[in-house]
2 protein chains.
Amino acid sequence: MASYRDVAELIRQDVAAGTWAADRPIPGIDKLRDRYGVARETAHRAVKALVAEGLLYSIPRRGTYIRPPLPAPTRIRDRQAYRDEIGYFFDLGAQDWRAVGPAIPPQVGVPPSDVADVLGVARKDHVMVRDRAIGPPDADLPEQLATSYLPMPLVGQLPILGAPNTGPGGIYDRIEEHFGKAIEWEETVSARPATAHEQQALRIGSGLPVLIITRTSRIDDHQVVEVNQTRMAADRYSVSYGVRRSESAVFPRPSAA
Amino acid sequence: MASYRDVAELIRQDVAAGTWAADRPIPGIDKLRDRYGVARETAHRAVKALVAEGLLYSIPRRGTYIRPPLPAPTRIRDRQAYRDEIGYFFDLGAQDWRAVGPAIPPQVGVPPSDVADVLGVARKDHVMVRDRAIGPPDADLPEQLATSYLPMPLVGQLPILGAPNTGPGGIYDRIEEHFGKAIEWEETVSARPATAHEQQALRIGSGLPVLIITRTSRIDDHQVVEVNQTRMAADRYSVSYGVRRSESAVFPRPSAA
DNA sequence: CAGTGGTCTAGACCACAAC
DNA sequence: TTGTGGTCTAGACCACTGA
């Protein structure tokens, strides 16, 4: 009796050995049941485990396919704040990206609690939420989901932040004009399993993670004027930054406790 | 007939409603079967899905528990290159971290293919591999797994890079002394599902991702002298960087195709 | 209409943990 | 000894795809 882990390992080996063409479905679950001499459920469980692992992906009622080995040069970007005639972007490869799919008008709602904390509002407070799915100009499906959160007091002073169209330079130019000062950005990168909605919108395999860039915009180094969360498939994106050298050549080591 | 997704949703609601204490096991699979009136397999499948999602975690033969809502302030760090009397570190919160568990002597081996590419060596070439599990001084389990890859030609010129102990300032000081130039660092953040080994070593729930920081060390802005990969549980860590403003105020937009 | 991935059921074991 | 999570089996449907 072979366990589903054993079967998964056998399938892994068959995939590595090139037993099946990469662009065609691998044998169906009933075929795999015969091939490895196990119950159908067991074969299915093995396939499901490999799907969760990212080696395979399944399209219901069509077949199970081998996931191409990560479109080799997983796109990497040196994150900086770039500006062109139209607005800001933080990724040289995404300068001409635009909103994909139906436009979602800005709404007022409750942000995720981690965003609320950074934004400095209470967990249940309302904020302005600007949601977009973005991708290359000719794409019909988005590559990333970007959500911008703005504190209501600021929107009260600057109502255009709640408008569908915020004009050239977007919200960042409006905010800098309003304060007469430059915005400073900090980005935090995190990851978690993709939600069902993200799996669907970004074509993420079941069980695979999303990479999340949380960008905090500040004025005067402390007042948070915006928090932006951009989500993308972790198997298609990674994010790169230059690392600066701390200014003190030798950093004092805390005395032992 | 309720599907396992329905049951999972019901369990989600029960967890959110606080039906079960957070620090004690939730009812066993057989209890859940009765509670929701489904087959045992179905109840088990629902639990397994929630474990993969990160809401629950199971300890075989002991019970299934509610995962505590991420130790609130998921540690965030402003990544910089810091230096103290002992050596370099890139995270202010990890200045006093040390190797945890058995010391692994430096070895010669084949690096992952993405590392080989960055390092500029062929996919099958050998490099020097320095592997460490690190964590706080009093911890018995590591928080992060750090692996350093060095090109063999450099190790030939600087044999100390293959020694267990590389002296004060570690490999970075040795390399800077050798070249008489400063190292420049770039970090790339990515994520993928944790391997079985990482799940065990870092206590990562099944199906949850690891966050990977790949740090590339260069001399003269082009020669790669080291690649370091640090892996950590994505539900316990995130990484932050300052974003600098691109030097050209307005970045030219490529002409339309 | 046949083949597909996906699902549910009912029943049976297993190895280990806690008592 | 009892309860636990985990696993395997055999059989049955289902909704949909693609020929």
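Chain letters run A, B, ... following the sequence lines, proteins first and then strands; every chain starts at 1.
Position along DNA chain C of the nearest nucleotide to B/Gly37 versus A/Gly63 favours A/Gly63 as the more 5'-ward residue.
At whole-Å resolution of the value, OH in A/Tyr36 and C1' in D/dC8 are 18 Å apart. The distance from atom CG of B/Leu32 to atom P of D/dT4 is 10 Å, rounded to the nearest whole Å. At whole-Å resolution of the value, OH in B/Tyr57 and P in D/dG5 are 13 Å apart. If you measure from atom CZ of A/Arg33 to atom P of C/dG6, you get 16 Å, rounded to the nearest angstrom. If you measure from atom CG of B/Leu50 to atom P of D/dG5, you get 14 Å, rounded to the nearest angstrom. Rounded to an integer number of Å, the gap from CD1 of A/Ile29 to C1' of D/dC8 is 16 Å. The nearest whole Å value for the distance from the CG atom in B/Asp34 to the P atom in D/dG3 is 13 Å.
Side chain of B/Arg130 to backbone of B/Ser148: no donor-acceptor contact under 3.5 angstrom is found. A donor-acceptor contact shorter than 3.5 Å links the side chain of A/Arg203 to the backbone of A/Pro142. With B/Arg132 contributing its side chain and B/Ala99 its backbone, the two residues share no donor-acceptor pair below 3.5 Å. With hydrogens and angles disregarded, a donor-acceptor distance shorter than 3.5 Å links the side chain of A/Thr19 to the backbone of A/Asp14. A donor-acceptor pair under 3.5 Å links the side-chain atoms of B/Asp6 to the main chain of B/Ser3, judged by distance alone.
Judged by the 6.0 Å distance and 45° axis criteria, B/Arg79 is not positioned over the aromatic ring of A/Tyr241.
Non-hydrogen atoms lying under 4.0 Å from DNA chain C are contributed by A/Arg40, A/Glu41, A/His44, all within residues 40-49 of chain A.
Taking only side-chain nitrogens and oxygens, B/Tyr4 comes nearer than 4.0 Å to OP1 or OP2 of C/dT7. Here B/Lys31 reaches the OP1 or OP2 of D/dT4: one of its side-chain N or O atoms lies under 4.0 Å away. At least one side-chain nitrogen or oxygen of A/Thr64 sits closer than 4.0 Å to the OP1 or OP2 atom of C/dG5. Put simply, A/Ser58 has no side-chain N or O that comes within less than 4.0 Å of OP1 or OP2 on C/dT4.
Salt-bridge formation is detected for the pair B/Arg192/B/Glu198: a Lys NZ or Arg NE/NH1/NH2 atom is positioned less than 4.0 Å from an Asp or Glu carboxylate oxygen. A salt bridge does not link B/Lys31 to B/Asp34: none of the charged side-chain nitrogens sits closer than 4.0 Å to a carboxylate oxygen.
Taking A/Ser113 as the reference, A/Arg123 meet the side-chain contact (heavy atoms from CB on, under 4.5 Å) condition, with sequence neighbours excluded.
Nucleic acid contact class of B/Arg5 (heavy atoms, under 4.0 Å, all strands): sugar-phosphate only.
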Write out a two-atom table: protein N or O, nucleotide N or O from nucleotides 15-17 of chain D, distance below 3.5 Å.
residue: D/dA15; atom: N3; partner: A/Arg61; partner atom: NE; Å: 3.2

